[in-house]
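Shown next, in structure tokens, is the structure this report addresses.
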Amino acid sequence: MLKKEIIFLVGPTGIGKSAVAISLAKKINAEIVSCDSMQVYRKMDIITSKATPFQRKKVKHHLLGIIDPAKEYDAAKYRKDVLLICDKLFLKGKTPLVVGGTGLYYSILIDGLFSAAPQDKKIRAKLNKQLALKGSAYLYKKLAEIDPQASKKIHPNDVRRIIRALEVYLKTGKQISVLQKNRIGLGREYEIKVFGLNTDREFLYDKINQRVDKMFDSGLINEVSRLFKQKLSKTAACAIGIRQLKGYFDGLYSLSDARGLIQRDSRHYAKRQLTWFRKDKRIQWININKKESPAQVALKIWKKLS
RNA sequence: GCCGAGAUAGCUCAGUGGUAGAGCGCGGCCCUGAAAAGGCCGGCGUGGGGGGUCCGAUUCCCUCUCUCGGCA
């Protein structure tokens with residue numbers, strides 16, 4: 001029996017994944033499942049460049065605007081949500097087309113996640129207190145004692161990973177370096193195909209800069225100032241644009257400075273995304289040139305599928 | 001035209017008589033429950049052109065060119 005198929009479309013921010021995805025989805029009877037850590041938030045439409053209502057009418061999109069910005073969301077929740085949606089889609093005879101640029105979510109979805117140790121707020125609070133009191137070197141030394149293998153992999157300054165590794169140990173009594181070997185990917189059960197979009201760096205950066213300009217034209221300031229009136233979760237507050245505009249609202253710099261910062265941070269983000277995806281040998285890369293329309297790019301992918 | 005200041009990495013600038021640094025940008029990388037986050041690594045650049053002093057000049061002197069500020 002043929003395995004069910006899941007198709008992935010990844011690539012850096014601003015390259016035009018959304019439009020290509022819609023065109024491709026129509027060709028292959030697919031529905032789109034977002035793979036984006038920020039587009040899951042409601043009230044953050046412009047800032048995260050979510051697909052427009054018009055686009056969403058053409059093809060059904062999943063996991064866009066599913067939670068309030070006050071709430072935390074993470075990779076484990078994401079994986080669970082996606083697998084549920086995929087089951088539903090298969091029942092309807094639809095193909096899931098997973099589209100987005102969040103490398104961690106992609107990886108945890110496609111390669112699996114060790115499930116022994118969910119986040120533990122109490123343990124984390126304790127570790128953060130120790131961090132403040134005794135410094136990162138102390139925590140790193142502790143990690144080296146209980147899990148030498150993990151400590152070799154984690155840089156002494158990478159406090160977040162040190163804390164996570166310690167949290168896992170305190171919670172389960174097992175080393176994260178051991179647990180991490182235990183993951184089951186999607187490939188066992190499904191037929192996986194991954195496509196990546198890329199283009200010249202200069203062209204990409206150009207597109208990113210322009211997209212930020214468009215965000216401002218479409219009312220980014222209004223959207224974000226509304227957000228500042230409510231509580232923002234730690235995760236939601238990480239969206240590029242929040243911090244940068246906060247600085248402007250606080251009078252630290254001008255609006256055009258804020259725009260420049262958003263553009264710069266988006267470029268840096270795109271660069272990190274490319275680093276992440278570049279090493280994944282499953283990805284079939286599609287290089288986009290300046291004159292190609294989303295439909296033409298979708299056609300290229302479609303040809304590779306059949 | 002005169003007076004003054006300057007000309008050093010893509011940008012802003014620091015510094016030194018023994019052939020140069022920093023921040024930012026830019027490039028590369030890491031990534032398993034905050035990930036649009038967090039962390040790591042990377043600087044040979046005719047030191048504006050020419051001449052002089054000196055064992056040796058980016059650093060001192062002269063001159064030319066250009067830029068900026070002030071005065072006319």
Side-chain angles (χ1 to χ4, degrees), chain A residues 11-14 17 34-41 44 46-50 67 69 71-81 100-121 123-125 127-128 131 136 140 150 152-168 171-172 174-185 201-202 204-205 208-209 211-212 215 224 232-245 257 260-280:
Chain A
T13 185
K17 295 182 291 293
S34 160
C35 179
D36 189 297
S37 63
M38 294 301 155
Q39 292 188 358
V40 294
Y41 286 111
M44 293 174 58
I46 299 169
I47 199 173
T48 65
S49 299
K50 247 179 246 172
I67 51 171
K71 294 215 170 110
E72 307 285 350
Y73 193 75
D74 63 49
K77 291 193 184 104
Y78 173 73
R79 180 177 162 82
K80 217 168 124 194
D81 287 345
T102 300
L104 180 72
Y105 285 15
Y106 162 79
S107 158
I108 273 174
L109 179 58
I110 199 167
D111 293 320
L113 167 87
F114 78 91
S115 56
Q119 218 186 108
D120 186 304
K121 286 214 165 117
I123 296 177
R124 255 189 213 197
L127 288 168
N128 275 310
L131 173 69
S136 59
Y140 186 71
K152 258 181 236 157
K153 229 178 98 181
I154 300 171
H155 188 96
N157 291 345
D158 199 347
V159 179
R160 290 220 182 154
R161 290 201 172 73
I162 296 171
I163 287 183
R164 171 62 184 154
L166 289 170
E167 172 188 54
V168 168
K171 177 130 186 150
T172 65
K174 291 176 189 154
Q175 300 168 321
I176 194 170
S177 58
V178 173
L179 291 171
Q180 278 179 342
K181 288 176 186 143
N182 199 341
R183 65 199 304 204
I184 298 167
R201 193 61 64 91
E202 207 184 333
L204 209 216
Y205 284 0
I208 288 173
N209 292 157
R211 190 166 78 164
V212 172
M215 286 177 174
V224 174
L232 284 182
S233 68
K234 230 179 333 183
T235 19
C238 283
I240 293 176
I242 301 275
R243 215 175 16 196
Q244 295 82 351
L245 283 172
D257 286 344
L261 290 173
I262 293 173
Q263 288 170 326
R264 182 199 65 188
D265 291 344
S266 299
R267 292 193 303 267
H268 287 172
Y269 172 49
K271 184 175 172 306
R272 270 181 281 129
Q273 288 175 300
L274 285 168
T275 299
W276 183 290
F277 291 123
R278 210 154 23 208
K279 69 183 171 193
D280 191 321

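Chain naming here is simple, since letters A, B, ... match the order of the sequence lines and numbering starts at 1 in each. Hydrogens, waters and symmetry mates are skipped; everything else that's a heavy atom, side chains included, is used.
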Minimal non-hydrogen separation, [X] against [Y], with atom names:
{"X": "R79(A)", "Y": "L109(A)", "result": "NH1-O, 2.8 Å"}
{"X": "R161(A)", "Y": "D158(A)", "result": "NH1-OD2, 2.8 Å"}
{"X": "A150(A)", "Y": "S177(A)", "result": "N-CB, 3.9 Å"}
{"X": "I262(A)", "Y": "Q244(A)", "result": "CG1-CB, 3.5 Å"}

Whole angstrom value for the distance that separates [atom2] of [N] from [atom1] of [X]:
{"X": "F277(A)", "N": "C30(B)", "atom1": "CZ", "atom2": "P", "value": "13 Å"}
{"X": "L179(A)", "N": "G33(B)", "atom1": "CG", "atom2": "C1'", "value": "13 Å"}
{"X": "H268(A)", "N": "G28(B)", "atom1": "NE2", "atom2": "P", "value": "12 Å"}
{"X": "R164(A)", "N": "G39(B)", "atom1": "CZ", "atom2": "C1'", "value": "17 Å"}
{"X": "K271(A)", "N": "C40(B)", "atom1": "NZ", "atom2": "P", "value": "14 Å"}
{"X": "Y269(A)", "N": "G25(B)", "atom1": "OH", "atom2": "C1'", "value": "21 Å"}
{"X": "K171(A)", "N": "U32(B)", "atom1": "NZ", "atom2": "C1'", "value": "17 Å"}
{"X": "Q273(A)", "N": "G28(B)", "atom1": "CD", "atom2": "P", "value": "14 Å"}

Under 3.5 Å, is there a donor-acceptor pair between the side chain of E72(A) and the main chain of S233(A)?
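No; judged by distance alone, with no hydrogens or angles, the pair does not exist.
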Please determine, for the side chain of [X], which listed nucleotide ([options]) has the closest atom?
{"X": "R267(A)", "options": "G25(B), G38(B), C40(B)", "value": "G25(B)"}
{"X": "A76(A)", "options": "C40(B), A35(B), G33(B)", "value": "G33(B)"}
{"X": "T102(A)", "options": "A37(B), G28(B), A35(B)", "value": "A35(B)"}
{"X": "K279(A)", "options": "G27(B), U32(B), C31(B)", "value": "C31(B)"}
{"X": "Y205(A)", "options": "A35(B), C40(B), C26(B)", "value": "C26(B)"}
{"X": "R124(A)", "options": "G27(B), A37(B), G33(B)", "value": "G33(B)"}

Considering only heavy atoms from C-beta outward, does the side chain of K77(A) approach that of K71(A) to under 4.5 Å?
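Side chain of K77(A) against side chain of K71(A), heavy atoms only: no contact under 4.5 Å found.
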Determine the contact category for [X]: base if any of its heavy atoms lies under 4.0 Å from a base atom, sugar-phosphate if only primed atoms, P, OP1 or OP2 are that close, otherwise nothing.
{"X": "R272(A)", "value": "base"}
{"X": "I47(A)", "value": "base"}
{"X": "T275(A)", "value": "base"}
{"X": "Y78(A)", "value": "nothing"}
{"X": "D36(A)", "value": "base"}
{"X": "Y106(A)", "value": "nothing"}
{"X": "S233(A)", "value": "nothing"}
{"X": "R161(A)", "value": "base"}
{"X": "T48(A)", "value": "base"}
{"X": "R278(A)", "value": "sugar-phosphate"}

Report yes if at least one side-chain N or O of [X] is closer than 4.0 Å to OP1 or OP2 of [N]; otherwise report no.
{"X": "R160(A)", "N": "A37(B)", "result": "no"}
{"X": "N157(A)", "N": "C40(B)", "result": "yes"}
{"X": "R243(A)", "N": "G38(B)", "result": "yes"}

On RNA chain B, check which nucleotide each of K234(A) and V159(A) is closest to and give me the residue with the more 5' one.
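Final value for this comparison: K234(A).
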How do L113(A) and M215(A) order along RNA chain B: which one's closest nucleotide is nearer the 5' end?
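Nearest nucleotide further toward 5': that of L113(A).
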Complementary nucleotide for [N] - Watson-Crick or wobble, under 3.5 Å:
{"N": "G25(B)", "value": "none"}
{"N": "C54(B)", "value": "none"}
{"N": "A5(B)", "value": "U67(B)"}
{"N": "G45(B)", "value": "none"}

Would you measure the distance from the P atom in G56(B) across to the matching atom in U63(B) and give it in whole Å?
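The answer is 23 Å between these two P atoms.
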Could you please spell out the steps behind the side-chain contact (heavy atoms from CB on, under 4.5 Å) verdict for Y78(A) and L104(A)?
CA-CA 10 Å; Y78(A) 173 73; L104(A) 180 72; over 6 Å; no
Can you find a side-chain donor-acceptor pair between S266(A) and R211(A) that sits under 3.5 Å?
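No pair is found: no donor N or O on one side chain lies under 3.5 Å from an acceptor on the other.
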